[in-house]
Amino acid sequence: MVHFGNEWDVLLAEELDKPYYQALRRFLAVEYQSGTVYPSQYDIFNALKYTTYSQVRVVILGQDPYHGPNQAHGLSFSVQKGVTPPPSLVNIYKEIFAELGIDNRGGHGELTSWARQGVLLLNTVLTVRAGEPCSHQGKGWEQFTDSIIRMLNVREDPIVFLLWGAHSAKKQALITNPCHLILKTTHPSPLSANRGFMGCGHFAQTNAFLKQHGFDEIDWTVR
């Protein structure tokens, strides 16, 4: 059984009993037994464990986990301490510095300090086969994470949704509540960052929106 240790236990209980999720569990059992899958089985749901439902102020939607050794640990764009920050995260740090003067460059890439402040670092697919990006797409994770976004959509407190790249942008259709703010741009990957992500202003805009609605701003310093 999956235990999140917070409100998600009740909110997602019904989802975890659905046939598609049971089929996903069986698929993952085979995958983890037959090869290398990231993240560790113990880290798959870290985004939900670190940031409970009522705490969410910001959602950063990634695609699927990093597929290299020791990188993924259940939070989108985050890597474990001791692992060199990947190029996408380096570009995120550059943008934060350009907007806010907060310099995370040259430091570690573990973003748990953001998660604890209410930034839900959610990938749309929560597992991946080693060295094979997108290898667990279409197995049920998308339905699971869609349900999470729908639950957040009905929240009365406003949330900022940061949708970076075409894959995340598809989720916009699920965000219909006008109280939320949707910010879209290209993915921070070096392949696309210069076509919109760099200079997007999303981190400053997020904090301005939160402050406007009486919430604490996010400290984007990585600690």
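Between the side chain of Q137 and the backbone N or O of V125 there is no donor-acceptor pair closer than 3.5 Å. Judged by distance alone, the side chain of N104 and the main-chain N or O of T221 form no donor-acceptor pair under 3.5 Å. No donor-acceptor distance shorter than 3.5 angstrom exists from the side chain of H67 to the backbone of Y38, with no hydrogens or angles considered. A side-chain donor-acceptor contact under 3.5 Å links T186 to the backbone of S192. A donor-acceptor pair is defined here as one N or O able to donate and one able to accept, closer than 3.5 Å; such a pair exists between the side chain of E7 and the backbone of S54. The backbone N or O of G201 sits less than 3.5 Å from a side-chain atom of E95, completing a donor-acceptor pair. A donor-acceptor contact shorter than 3.5 Å links the side chain of Y66 to the backbone of F77. Formation of a donor-acceptor pair under 3.5 Å by the Q71 side chain with backbone atoms of G68 is found in this model. Between the side chain of N177 and the backbone N or O of N153 there is at least one donor-acceptor pair closer than 3.5 Å. Here the side chain of T52 pairs no donor or acceptor atom with the backbone of N6 at under 3.5 angstrom.
Here the options are E142, E14, E15, the test is side-chain contact (heavy atoms from CB on, under 4.5 Å), and the partner is S147; only E15 passes.
At least one side-chain heavy atom of L152 sits less than 4.5 Å from a side-chain heavy atom of L120. The closest side-chain heavy-atom distance from R57 to V160 is not below 4.5 Å. Between R25 and L16, every side-chain heavy-atom pair lies at or beyond the 4.5 Å cut-off.
F45 and W141 have perpendicular rings, their planes meeting at more than 60° on a 0 to 90° scale where under 30° would count as parallel. Between W164 and H202, the ring planes lie parallel to each other; the angle is under 30°, not in the 30° to 60° tilted range.
Shown here is D103, whose CG atom has more than 12 heavy atoms of other residues, nucleotides or ligands within 6.0 Å.
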> Which is it for E31 and H136 under the side chain to side chain donor-acceptor pair (under 3.5 Å) test, yes or no, and what are the steps along the way?
Replying inline: CA-CA 10 Å; E31 287 286 286; H136 284 183; 2.8 Å; yes
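The two residues C179 and E156 make their nearest non-hydrogen contact at SG-O, 3.6 Å.
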